[in-house]
Amino acid sequence: MYQILKAEEITTNIYLMVVKAPRVAKSCLPGQFVIVRTDEDSERIPLTICDYDRNEGTVTIVFQIVGAGTLFMSGLKAGDSFHDFVGPLGCASELITDDVENTKKKNILFVAGGVGTAPVYPQVKWLHENGINADVIVGAKTKDLLILEDEMKAVAGNLYITTDDGSYGRSGMVTKTIEDLVAEGNKYDVCVAIGPMIMMKFVCKLTKELNIPTVVSLNPIMVDGTGMCGACRVTIGDKVKFACVDGPEFDGHLVNFDEAMKRQTLYKTAEGRAFLAAKEGATHHGGCGNC
Amino acid sequence: MDVLKKVPVREQDPKVRATNFNEVCLGYNKEEAMEEASRCINCKNAQCVKGCPVAINIPGFIEQVKLGDFDKAYEILSESSALPAVCGRVCPQESQCEGKCIRGIKGEPISIGKLERFVADTARENGKKPAATKEKNGKKVAVIGSGPAGLTCAGDLAKMGYDVTVFEALHQPGGVLVYGIPEFRLPKDAVVAKEIENVKSLGVKIETNVVIGKSITVDELIEDEGFDAIFIGSGAGLPKFMGIPGENANGVFSANEYLTRSNLMKAFNDDSTTPIMKAKKVAVVGGGNVAMDAARTALRLGAEVHVIYRRSEEELPARVEEVHHAKEEGIIFDLLTNPVEILTDENGWVNKIRVIKMELGEPDESGRRSPVEIPGSEFEIDVDAVIMSLGTSPNPLIASTTKGLETNKRRCIVAEEEFGQTSKEGVFAGGDAVTGAATVILAMGAGKAAAKGIDNYLKNK
């Protein structure tokens with residue numbers, strides 16, 4: 001069992017938890033992920049690592065309620081435990097594993113969308129601790145859905161916040177901020193974009209035009225997370241890769257986003273039903289026409 | 001009683017079992033077991049033992065069944081096998097012990113597998129555990145993987161007095177016994193979990209949720225955690241795909257994914273939180289035991305199932321019993337047929353598979369006649385799901401993170417056959433991680449051999 005030391009709803013439907021998992025905390029690096037199960041019968045839920053403390057043996061995860069599994073997870077409090085917490089899985093970010101001196105020479109732009117801010121944070125933090133200040137764009141639908149602003153401010157070079165509805169920071173999508181920054185004369189050697197698939201697709205479309213190499217982190221459906229099931233296969237250029245072992249980060253300009261987005265809908269009907277059943281509990285008896 | 005024939009074993013009716021996940025074979029009762037045992041002529045130079053990868057004293061345990069001393073029979077079994085209830089169910093006895101049985105020359109061989117199963121099941125029902133452990137010798141061995149190879153190696157080492165910890169990547173121990181082989185062939189709670197409890201009762205510790213190569217490396221296990229020797233039994237978990245167009249469409253699964261969802265995650269059960277696609281018409285590509293398992297699982301989930309295999313029935317790599325069961329249940333075999341493309345609807349979901357007819361040509365290097373396409377013979381089959389069951393290869397995770405561990409072209413760990421010694425001192429390996437995908441019992445044989453190898457190594461160190 002893996003005890004939860006802290007559990008907090010940081011904004012509507014988005015939760016942060018600090019979990020005691022010494023083996024994961026000891027070996028994880030930014031870019032990697034974990035798989036959690038809340039209880040004995042739960043599904044396996046992959047989540048990117050948001051932060052870790054090797055001394056305390058803890059790992060921080062951030063998740064949004066998107067289905068029955070995460071809805072159930074959101075009910076866990078400090079003192080409760082996860083039944084399973086396995087990791088770190090996947091490869092660490094290239095920016096972290098590359099030669100630091102080489103990375104220091106680069107102008108780096110991070111683009112985070114929504115809950116994708118969580119996996120961006122440890123990369124920016126790691127770079128900051130190694131004397132590299134990267135620019136960070138954080139996009140959210142609206143001011144209330146913005147997460148980790150103070151934490152990010154503390155480690156980013158320049159932090160640019162943009163909201164779709166203009167309720168805070170700049171106004172519009174992250175792609176507009178990228179265009180503005182480049183128009184203002186900023187030059188970037190590499191971009192790391194993590195967020196909803198559709199955001200990553202459009203960021204990549206733009207950065208390809210701007211000639212900025214771009215890395216994205218994919219979160220397809222997966223079961224075991226160790227290369228066994230192949231559910232997470234994605235097409236990168238002309239090759240099929242498993243996101244769990246070959247990724248989760250890939251060259252964004254080579255990712256077949258349309259295929260990846262289609263594959264994400266695989267269990268939508270089943271997941272939707274389970275979510276409704278979990279949300280409405282005993283009051284839901286079917287027959288609503290939606291399930 | 002006809003001594004030339006096996007006492008028939010009771011099975012669930014094919015029509016009934018095609019709609020449930022309960023075990024197909026019901027096994028022998030006491031009377032049937034004793035009657036079958038009485039057919040054994042107790043050969044002095046028993047060929048059956050030579051056919052068994054873990055060299056069970058087969059005439060010895062059968063003799064005790066004949067006498068009705070099932071406890072004694074179980075003790076004899078447990079001397080050689082940590083998982084008799086599993087082996088009695090999934091071993092290919094027809095090509096091993098039973099294949100060598102002298103009775104088989106003129107009639108049918110002794111039903112050794114069913115007798116083994118009876119003895120193990122009876123012991124379990126009576127709460128009998130394998131014999132307790134000797135004193136601990138204070139030496140620590142790490143076993144990577146809790147499948148048949150790992151459990152066997154761990155059990156044997158614990159019996160010799162070693163302090164054994166098994167590391168498992170998934171949340172539940174058992175490896176292929178829990179994620180791969182379906183409930184209707186190998187019940188998980190009633191059989192597998194109990195056999196694992198037996199291994200634990202020998203003093204073996206099992207730590208789940210540890211991915212060796214990620215959570216911790218083999219070198220760290222030796223240097224930081226003080227393990228004196230390592231056994232790698234991490235299996236062959238990586239699924240193969242064909243590389244044909246449409247293979248990433250929605251509705252195309254590896255057999256591993258499909259079976260893991262159903263077996264490990266219990267998706268066959270409506271209460272499961274893990275979903276599985278309930279397809280109407282499924283094509284399973286491949287002809288091995290895993291293909292049969294996937295096909296029969298899809299059938300039980302309500303689909304019409306076609307097994308598409310490029311050679312003829314004679315070359316089907318699956319056990320004859322599995323093919324027979326599959327046919328009885330209504331699986332359709334499209335033999336000498338090979339997929340060329342998977343077609344989809346406008347939303348990216350599978351709606352057809354395009355296949356081509358094959359004929360058998362000259363034997364290839366495996367000795368099997370190689371299939372050759374018949375030009376112009378393509379046709380399409382309407383399906384809404386395709387399950388690829390083309391075999392698996394070892395996961396490179398451990399080899400790529402361990403200094404000095406040699407692998408071959410097929411990414412298998414190189415290990416010497418007799419005792420499983422690898423190119424790295426103190427590190428042994430066996431099972432599918434070494435051989436590529438094979439059988440439960442061969443993995444157990446390798447686990448057993450490596451336990452001896454580790455014992456020799458640590459005694460002389």
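In the text below, chain A, chain B and the rest are named by the order of the sequence lines, each starting its count at 1.
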Quick check on the structure: residues of residues 267-274 of chain B within a heavy-atom distance below 4.5 Å of chain A, by number.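 Within residues 267-274 of chain B, the residues that come under 4.5 Å of chain A (heavy atoms only) are B:Thr273, B:Thr274.
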When only heavy atoms count and the cut-off is under 4.5 Å, which of residues 169-178 of chain B reach chain A? B:Ala169, B:Leu170, B:His171
Examine whether an atom of [X] lies under 4.5 Å from a heavy atom of chain A, and if so say whether it belongs to the side chain, the backbone or both; otherwise answer neither.
X: B:Leu259; result: neither
X: B:Ser215; result: both
X: B:Tyr258; result: neither
X: B:Ala249; result: backbone

What part of [X] is in contact with chain B, defined as an atom under 4.5 angstrom from a non-hydrogen atom: side chain, backbone, both or neither?
X: A:Ile221; answer: side chain
X: A:Ala68; answer: neither
X: A:Arg263; answer: both
X: A:Val24; answer: neither
X: A:Glu40; answer: neither

At a heavy-atom distance under 4.5 Å, which candidate from B:Ala236, B:Pro275, B:Gly213 has the highest pair count against chain A?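 Counting heavy-atom pairs under 4.5 Å, the top option is B:Pro275.
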Top of B:Val252, B:Leu397, B:Thr208 for chain A proximity - count of heavy-atom pairs under 4.5 angstrom: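 Result: the option with the highest number of such pairs is B:Val252.
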I need the [X] [atom1] to [Y] [atom2] distance, nearest 0.5 Å.
X: B:Lys214; Y: A:Cys28; atom1: NZ; atom2: SG; answer: 12.0 Å
X: B:Trp349; Y: A:Leu266; atom1: CH2; atom2: CG; answer: 4.5 Å
X: B:Asn250; Y: A:Gln264; atom1: CG; atom2: CD; answer: 10.5 Å

Please step through side chain to side chain donor-acceptor pair (under 3.5 Å) for the pair B:Asn248 and A:Thr235, ending with a clear verdict. CA-CA 8 Å; B:Asn248 283 0; A:Thr235 304; 3.0 Å; yes
So [Y] and [X], do their side chains get closer than 4.5 Å, heavy atoms only?
X: B:Asp224; Y: A:Lys26; answer: yes
X: B:Glu257; Y: A:Met228; answer: no
X: A:Val223; Y: B:Met265; answer: yes

What pair of heavy atoms forms the shortest contact from [X] to [Y], and how long is it?
X: A:Cys229; Y: B:Ser254; value: O-OG, 2.5 Å
X: A:Gly227; Y: B:Pro239; value: O-CD, 3.4 Å
X: A:Gly230; Y: B:Phe241; value: O-CZ, 4.5 Å

Hey, can you tell me if B:Phe253 and A:Tyr267 have their rings parallel, tilted or perpendicular (30° and 60° cut-offs)?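 Plane angle between 30° and 60°, so tilted.
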Taking B:Glu225 first and then A:Arg23, would you say they form a salt bridge - that is, a charged N and a carboxylate O separated by under 4.0 Å? yes
Show me the pairs that pass ring-ring contact (aromatic ring centres under 6.0 Å, His included) and involve residues 13-53 of chain A, at least two apart or across chains.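 Qualifying pairs: A:Tyr15-A:Phe63.
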Would the number of heavy atoms belonging to other residues, nucleotides or ligands and lying under 6.0 Å from NZ of B:Lys140 be above 12? yes
Does B:Glu247 offer a backbone N or O that forms a donor-acceptor pair with the side chain of A:Arg233 under 3.5 Å?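 Yes, the answer is positive, given that a donor and an acceptor are paired below the 3.5 Å cut-off.
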For the pair A:Tyr2 and B:Asn209, evaluate side chain to side chain contact (heavy atoms under 4.5 Å, CB included) and give the outcome as yes or no after the intermediate values. CA-CA 11 Å; A:Tyr2 305 81; B:Asn209 296 323; 3.3 Å; yes
Residues 84-97 of chain A: residues contacting chain B (heavy atom under 4.5 Å, by number): A:Asp84, A:Phe85, A:Val86, A:Gly87, A:Pro88, A:Leu89, A:Gly90, A:Cys91
